[in-house]
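Along the sequence shown, residues are numbered consecutively beginning with 1. Note that the structure is predicted; figures quoted are calculated from it, not measured.
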Amino acid sequence: MSGIAEESPPVDRPGRRSRSGGRVWIERWLDRHSDLVALVIVLAGFAIRIGSSQGVYLSEDEALHFQLSNVPGVGDVYRSSLTSAHPPFFFLLLHFWRRVGNSENVLRLLPALFGAAFLWMAYRWMTDVFGKSAAFFALILLAFSPATVSLSASVRGYSLLLLLLVSALVVLERAIELRSLWRIAWFSGLLYLAILTHYSALWFTLSVFVFVFVRARTDRLPAAVVRTWLGFQAAAAVLYSFLYFSHLSNLRGGDLERDAMGRWLHEGYFATGRDTPLAFVANQTFGVFKFLLGSPVAGFVGLAMGAACIVVLASKRRPTAILLALPFVLSAAAALIGVYPYGGTRHSAHLLLFAAAAMGVTGAIVTGARLWPALLLTAALIPVSWSTIPTSQDRTRMSAAIERLRFAAPYGSLLFTDHRTGALLSYYLGKDDFNRLIPGRGHFWESRVGDYRLIGSPIWSFDERTFVPELRRLIQEYGLSAGQVLWVVQIGSEYSPALELSRQHPAAVLPQTFRLEEISVVEMRIP
């Protein structure tokens, strides 16, 4: 491929002989069977992704994704997705996948399949652009990274996003090499699906725009190819405009954004007085590599390898330096101006491919483009990848807690929860029926799940400050009368509902209170 010849570091040529004049038999064997070995690595990665999700109950975010997808029709999926922070494509796929089954294992099989396909496509792209040795290093990093394992074993859209991004890159490379108009269209279709999967695809879209602009000059692409590409890019801009005005603009400044920026993602946004911009970018970039590799020491080494790769490629004026570096630059800039978080969380999943690719290039350079040193990473990374299994989310204990709740609370009882607990109860009490969220009074929401009346707060997660005021607001908005019974259900250990009721609402009568694992249940009779 002509594109490979222009983009690949000269150190990485399949079939290159060692300085001693020959190659050991393992190197020759790997060179001949590299695709087979890569497939074995992909299958091993897939097995780890399946194994890591066994016996684990759904997290609140996973249950929310199921809740938004478990609706009667495609139009309902789209409307329910507008209440989330994500575009609708993964919810739509999950809506159809749930017909295969709605158990935890079946639901997690879908992202695991996407994750395995991502590994194979990442290997193909890296081989095309950087050569076999770099591809092996990157494949092993991605196959056994604790970050990619956990993302591919979770009922979210991140593994789908990664698959779409790298598939688009594979097609793009061929489109540039062959000057192919239909491949430009194919690339654009994959890009649109990525845009419809996660908003972080914006930084990929902008990076690829700059990358192709540079490649158009260095590769002297025909005017027809450039015009076709620009036309499809304009369509991508229209798609983003639609998503912004129909979805994102309604979330800006809302409770979801304030909660993310002020609480659980606050470290991913730059705050004046907490850090200097340079220190923030450095710390958060280190966080991405630490997230990928699972430890601070490995993260530091990975960051150094990634930086070395960019320096080498830039010194040789390789356009791929732009492709690997610009997503980090744009993501950091977005965090500095408070648009999108940046750092070592799943919200930076779109950067993991480029981090692994940069490390793979450096690994190939350091090892003289040999294949066998990359395999040594497997022994080091497999134990780390198994560490991603959430030992605290035992599915049997969750089942026992749900059965205890059913035994204690009679059918038809009113259950009051925060948003995340409501999502879990919607799955574990009513996953076999369509979820029908009804707007309630005072911005509360209602649903019938498992013959219970579920009323949820718009607040994602209660704490000591918000729980009792929201309960009082519920009583006032719904005009609940003295003597009426409701059940407070809370997932998590951040606070004790019974303790807070006794402290802040001492007149309340609490006939029953119990806690099983992460579930707290309080029966409350309104005074």
Side-chain angles (χ1 to χ4, degrees), residues 7 85-87 89 125 129 157-158 160-173 175-176 184-219 221 225-245 247-249 252 268-270 277 280-281 284-285 288 306 309-310 313-314 318-343 346-358:
E7 296 291 25
H86 306 293
F89 185 52
W125 174 65
V129 177
Y158 294 103
L160 172 62
L161 172 68
L162 289 169
L163 171 60
L164 291 169
L165 297 184
V166 75
S167 298
L169 290 175
V170 171
V171 175
L172 178 63
E173 192 62 35
I176 292 174
I184 291 291
W186 185 5
F187 157 78
S188 301
L190 292 169
L191 177 65
Y192 299 162
L193 292 179
I195 291 170
L196 290 169
T197 298
H198 203 278
Y199 285 118
S200 62
L202 175 61
W203 320 128
F204 173 85
T205 303
L206 296 174
S207 300
V208 170
F209 181 87
V210 176
F211 173 68
V212 174
F213 179 78
V214 173
R215 288 289 296 274
R217 299 184 61 184
T218 60
D219 290 41
L221 295 181
V225 173
V226 175
R227 284 195 300 269
T228 301
W229 170 68
L230 287 174
F232 281 109
Q233 290 292 292
V238 171
L239 178 57
Y240 267 120
S241 297
F242 169 76
L243 290 172
Y244 178 79
F245 289 109
H247 185 202
L248 276 179
S249 61
R252 296 290 292 174
Y269 294 92
F270 174 70
F280 171 81
V281 171
Q284 298 306 105
T285 305
V288 173
C309 166
I310 300 303
L313 293 179
R318 308 287 184 184
T320 42
I322 295 172
L323 183 60
L324 297 184
L326 196 53
F328 285 88
V329 174
L330 294 175
S331 297
L336 287 173
I337 63 175
V339 172
Y340 191 84
Y342 175 55
R346 65 179 185 271
H347 307 88
S348 293
H350 60 287
L351 299 174
L352 300 181
L353 170 66
F354 304 107

Using side chain to side chain donor-acceptor pair (under 3.5 Å) as the criterion, point out the one residue from His350, His86, His247 that pairs with Tyr199.
-> His247

Side-chain heavy-atom pair Leu326, Leu206 within 4.5 angstrom cut-off = no

Do side-chain atoms of Ser348 reach the backbone of Gly343 as a donor and acceptor pair under 3.5 angstrom?
-> yes

Intermediate values then yes/no, side-chain contact (heavy atoms from CB on, under 4.5 Å), Leu161 and Phe204 = CA-CA 11 Å; Leu161 172 68; Phe204 173 85; over 6 Å; no

Test side-chain contact (heavy atoms from CB on, under 4.5 Å) applied to Phe209 and Leu230, step by step = CA-CA 9 Å; Phe209 181 87; Leu230 287 174; 4.2 Å; yes

What distance separates Thr205 OG1 from Ile195 CD1, expressed to the nearest 0.5 Å?
-> 4.0 Å

Value for CG (Leu190) from CH2 (Trp186), rounded to nearest 0.5 Å, stands at 7.5 Å

Does a sphere of radius 6.0 Å around OH in Tyr240 hold more than 12 heavy atoms from other residues, nucleotides or ligands, not counting ones at 6.0 Å or beyond?
-> yes

Who are the side chain to side chain donor-acceptor pair (under 3.5 Å) partners of His347, not counting sequence neighbours?
-> Thr345

For the residue pair Tyr269 and Val339, what are the closest heavy atoms and their distance?
-> CE2-C, 4.1 Å

At their closest point, which heavy atom of Ser207 faces which heavy atom of Pro327, and how far apart are they?
-> OG-N, 3.2 Å

Parallel, tilted or perpendicular: ring planes of Phe280 versus Phe270, cut at 30 and 60 degrees = perpendicular

Does some side-chain heavy atom of Trp229 sit less than 4.5 Å from a side-chain heavy atom of Leu221?
-> no

In terms of heavy-atom contacts, Ala335 and Pro341 come closest through CB-C, 4.4 Å

Criterion side-chain contact (heavy atoms from CB on, under 4.5 Å) on Phe187 and Phe232, from CA distance to verdict | CA-CA 9 Å; Phe187 157 78; Phe232 281 109; over 6 Å; no

Looking at CG of Asp219 and CD1 of Ile176, how far apart are the two atoms once the value is rounded to the nearest 0.5 Å?
-> 6.5 Å

Between Cys309 and Ala358, which heavy-atom pair has the shortest distance, and what is it?
-> CB-O, 3.2 Å

If we only count heavy atoms from C-beta on, is the Phe211 to Leu172 side-chain gap below 4.5 Å?
-> yes

What one should report as the nearest heavy-atom pair of Ala194 and Ala201 is O-CB, 3.6 Å

To the nearest 0.5 Å, what is the distance between OG (Ser167) and CG (Leu191)?
-> 12.0 Å

Within a strict 4.5 Å, meaning less than it, do heavy atoms of the Val129 and Leu169 side chains meet?
-> no

Which class fits the ring pair His198 and Tyr158: parallel under 30°, tilted 30 to 60°, perpendicular over 60°?
-> tilted

Sub-4.5 Å side-chain heavy-atom contact between Leu330 and Leu202 = no

Look up atom OG in Ser200 and atom OH in Tyr342, then write down how far apart they are to the nearest 0.5 Å.
-> 13.5 Å

Ala216 and Val226: which non-hydrogen atoms are nearest, and at how many Å?
-> CB-CG2, 4.1 Å

Starting from the C-alpha separation in whole Å, work towards a yes-or-no answer on side-chain contact (heavy atoms from CB on, under 4.5 Å) for Val225 and Ile184.
-> CA-CA 8 Å; Val225 173; Ile184 291 291; 4.3 Å; yes

Under the salt bridge (Lys or Arg N to Asp or Glu O under 4.0 Å) test, residues paired with Arg346 that sit two or more places apart = Asp61

The reported gap from CD in Gln284 to CG in Leu351 (rounded to nearest 0.5 angstrom) is 11.5 Å

